[in-house]
There are 2 protein chains.
Amino acid sequence: MLDPETAAPCCPPLTERPLTAEEAERTAKMFKALGDPVRLRLFSLVASHEGGEACVCDISDVGVSQPTVSHHLKKLKEAGLLASERRGTWVYYRVEPSVLAAMGQTLGQY
Amino acid sequence: MLDPETAAPCCPPLTERPLTAEEAERTAKMFKALGDPVRLRLFSLVASHEGGEACVCDISDVGVSQPTVSHHLKKLKEAGLLASERRGTWVYYRVEPSVLAAMGQTLGQY
DNA sequence: CACCTGATTCGATATGTGTCAACATAGACA
DNA sequence: TGTCTATGTTGACACATATCGAATCAGGTG
């Protein structure tokens, strides 16, 4: 999980000035989380799912075992990209809204 | 190096529909390339350098050895994020312009 | 309670990756 | 040609990570 204090307004556009070591460390975590094909598909499945959230059962069909899916979802949570909530039998994941904006800003688009 | 045919118009926004396995494979490569702090700093150093390009000598001060810098620059080239050109003694790197736009589009911003 | 299903954690393994020292290559210049 | 400087490549190593099967946990339901 990312500290909410440090998560929200991270870093300037890559084209504005060189990133400091600390900024690079933080920003790289987000890109790294999306740098795996399975995680990218899982993230896309959640992000594009109706209602903005999906339970694990909805998105488990990406060609790897269920423990592996769980492992990747955990990584996405630790990177601050997804949030999860258990409601009864199922666990629902949704996209952490501020993150896409932060990454977009890092890429220099507003 | 990325095939120019497949590099330019890659993938739809992550929020539009689930990525296919092939789309995820291609897109993940770009994110993965920026998923290392050293590479992110190198990329930012090039992207923010005056004239849009920088020679290796300008950006080598990121706390790792020169071979390691060379290794990371190669990775960024293979991911299609940077292009290089030798002019006399020095090798200049510049940002591949279409890439930031492609990644921005993937994040759902236009 | 027992049982079933969904989801996570654990343990093990194979593969990938970041790093450096040593070496190789490419231009510039004398 | 030889030498100096700037980059790139190789080989080796430690560490991280993606993956799976098995075990475990959490919530229903009977």
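As the structure is a prediction and not an experimental result, all values here were calculated from the model. Chain letters run A, B, ... following the sequence lines, proteins first, then strands; residues in each count from 1.
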Practice task
Give me the bend of the helix from C/dC1-D/dG30 to C/dA30-D/dT1, using the axes of the five pairs at each end, rounded to 10°.
Solution key: 20°
A side-chain contact here means heavy atoms from C-beta on lying under 4.5 Å apart; do [X] and [Y] qualify?
| X | Y | answer |
| --- | --- | --- |
| B/V99 | B/L82 | no |
| A/L14 | B/L40 | yes |
| A/L81 | A/L100 | no |

Problem - All pairs passing side chain to side chain donor-acceptor pair (under 3.5 Å) where residues 54-67 of chain B contributes a residue, at least two apart - result: B/S65-B/T68
Handout entry: Within residues 35-57 of chain B or reaching into it, pairs that qualify as side chain to side chain donor-acceptor pair (under 3.5 Å) - sequence neighbours excluded
Key = B/R39-B/H72, B/E53-B/R87
If every non-hydrogen atom of [X] is compared with every non-hydrogen atom of [Y], which pair is closest and at what distance?
| X | Y | result |
| --- | --- | --- |
| A/C11 | A/Q105 | O-NE2, 3.3 Å |
| B/E25 | A/P37 | OE2-CG, 3.5 Å |
| A/E96 | A/A83 | OE1-CB, 3.4 Å |
| B/E16 | B/P12 | OE2-CB, 4.0 Å |

Handout entry: Counterpart residues, side-chain contact (heavy atoms from CB on, under 4.5 Å), relative to A/I59 (two or more places apart)
Key = A/L42, A/L45, A/V46, A/A54, A/L73
Practice task
Enumerate the residues from residues 35-48 of chain A whose closest heavy atom to DNA chain D is under 4.0 Å, giving them by residue number; use none for an empty result.
Solution key: A/D36, A/V38, A/R39
Completion exercise
With B for base contact, S for sugar-phosphate-only contact and - for none (protein heavy atoms under 4.0 Å), nucleotides 2-14 of chain C reads ----SBBB-----
Exercise for the section: Please list, chain by chain and in numerical order, all residues satisfying salt bridge (charged side-chain N to carboxylate O under 4.0 Å, His left out) with B/R17, sequence neighbours excluded. Expected result: B/E23
Problem - chain B footprint on DNA chain D, 5' to 3' - any atom under 4.0 Å from a heavy atom - result: D/dA6 to D/dT9
Exercise for the section: Report yes if a side-chain nitrogen or oxygen of B/K32 is closer than 4.0 Å to either non-bridging phosphate oxygen (OP1 or OP2) of C/dG16; otherwise report no. Expected result: no
Handout entry: disulfide bond (SG atoms under 2.5 Å apart) partners of residues 36-67 of chain B, not counting sequence neighbours, each pair once
Key = B/C55-B/C57
Practice task
Kindly state each residue pair satisfying disulfide bond (SG atoms under 2.5 Å apart) with at least one member in residues 59-108 of chain B, sequence neighbours excluded.
Solution key: none
Handout entry: 5′-ward residue of the pair A/H72/A/R87 relative to DNA chain D
Key = A/H72
Handout entry: Most 5' of B/V64 and B/G88 on DNA chain C, judged by nearest nucleotide
Key = B/V64
